[in-house]
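Beneath this line is the structure, given in structure tokens, with notes to follow.
Letters A, B, ... mirror the listed sequences (proteins, then strands); counts begin at 1.
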Protein chains: 2
Amino acid sequence: MDAALKAFAEPRRREILRLVWSQELPAAHIAARFDDVTRSAVSQHLAVLRDAALVLERRDGTRRLYRANHEEMAKLRDFLDDYWTGSLERLRDLSEAAQQMKGSH
Amino acid sequence: MDAALKAFAEPRRREILRLVWSQELPAAHIAARFDDVTRSAVSQHLAVLRDAALVLERRDGTRRLYRANHEEMAKLRDFLDDYWTGSLERLRDLSEAAQQMKGSH
DNA sequence: TACTTGCGTTAGTGTCAACTGACCTATGGT
DNA sequence: ACCATAGGTCAGTTGACACTAACGCAAGTA
């Protein structure tokens, strides 16, 4: 999950992810969208996204088709939502911090 | 805004941010929460968060009190929400990608 | 079998970021 | 004035990472 956020916090990867959000695209089409970067760089970005499970890969002959993994993206979104809305974790941290202030002052 | 996401995509900084989410804390208290890292490192993290406007700093004598900047965090959240919900941007990218497929095949 | 296309992978490079340790600054107390 | 406390800053190291160029490999095609 941490890897997903890290992968997502990269402008180029966010662009790629957006391209394959609602349609499957072969690597060549994705790479062709970026004229300021080599095909190799895009391939490596795709590997990062795949390792983070943010995209899914499907092989069709010599081609590899990519599409966004909406399930994993939903998980990431839930994670972020939890951060904002607080949840149990932050309550625990707050009580610990309060306790620490007592002890040190 | 890109800086905010990048700053947020760092586990340690997310921890710090959570500590000052609903209460103001002096730098020393924040640093004391991390036993595997020096005060210097925490100070630098706080600088990154401040530069990204994710935390606000207030001076009180020799101390510096930090608290989360909820407004800026809301902006970040909105940015992420827009990414998910689509918005105009993605529609533009989709049409461009479709046009490209036509041209190359 | 040979050639081409589609794509991943590897080595090497430059840059950036997280961290430590030493230092500097400012405020407040004695 | 002196000293302690709170905390930022700078130099230097290490490791991660985005990238290029060259190579490797599988799957069609002639």
Short heteroatom pairs, N/O only, protein and nucleotides 21-24 of chain C, under 3.5 Å:
residue: C:dG21; atom: O6; partner: B:Ser40; partner atom: OG; Å: 2.7

[N], OP1 or OP2 - any side-chain N/O from [X] closer than 4.0 Å?
X: B:His29; N: D:dA6; result: no
X: B:Lys6; N: C:dA17; result: yes
X: A:Arg12; N: D:dC19; result: yes

Just how far, in rounded Å, is P of C:dC19 from CD1 of B:Ile16?
9 Å
For A:Glu57 and A:Arg59, run salt bridge (charged side-chain N to carboxylate O under 4.0 Å, His left out): C-alpha distance rounded to whole Å, both residues' side-chain angles, the deciding distance at 0.1 Å, then the answer.
CA-CA 7 Å; A:Glu57 181 188 305; A:Arg59 303 198 180 185; 3.2 Å; yes
A:Tyr83 side chain vs B:Arg18 backbone, donor-acceptor pair below 3.5 Å
yes
For residues [X] and [Y], determine if any side-chain heavy atom of one lies less than 4.5 Å from a side-chain heavy atom of the other.
X: A:Ile16; Y: A:Leu49; value: yes
X: B:Asn69; Y: B:Leu54; value: no
X: A:Val42; Y: A:Thr38; value: no

What's [X] touching, base or sugar-phosphate or nothing? Going by heavy atoms closer than 4.0 Å.
X: B:Arg13; result: sugar-phosphate
X: B:Tyr66; result: sugar-phosphate
X: B:Asp60; result: nothing
X: B:Val37; result: sugar-phosphate

Close N/O contacts between protein and nucleotides 4-6 of chain C (under 3.5 Å):
residue: C:dG6; atom: O4'; partner: A:Thr62; partner atom: OG1; Å: 2.6

Among A:Arg39, A:His45, A:Arg12, which residue satisfies the side chain to side chain contact (heavy atoms under 4.5 Å, CB included) criterion with A:Phe34?
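Result: among A:Arg39, A:His45, A:Arg12, A:Arg12 is the only option passing the side chain to side chain contact (heavy atoms under 4.5 Å, CB included) with A:Phe34.
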Over 60° means perpendicular and under 30° means parallel, so tell me whether B:Phe8 and A:Trp84 are parallel, tilted or perpendicular.
tilted
Closest-nucleotide mapping onto DNA chain D: is A:Gly61 or A:His45 further toward the 5' terminus? I mean the 5' end.
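Counting from the 5' end, the first nearest nucleotide belongs to A:His45.
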Go through D:dA18, C:dA18, C:dT20 for me and flag the one nearest to the B:Ala41 side chain.
C:dT20
Can you list, pair by pair, the side-chain donor-acceptor contacts under 3.5 Å of residues 70-81 of chain A, counting residues two or more places apart and other chains?
residue: A:His70; atom: NE2; partner: A:Trp21; partner atom: O; Å: 2.6
residue: A:Arg77; atom: NH2; partner: B:Asp81; partner atom: OD1; Å: 2.8
residue: A:Asp81; atom: OD1; partner: B:Arg77; partner atom: NH2; Å: 2.7

I'd like to know if B:Leu17 and B:Leu65 are part of one continuous hydrophobic network [Ile/Leu/Val/Met/Phe/Trp/Tyr, side-chain heavy atoms within less than 4.5 Å].
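No, it is not one cluster - the side chains of B:Leu65 and B:Leu17 are not joined through contacts under 4.5 Å.
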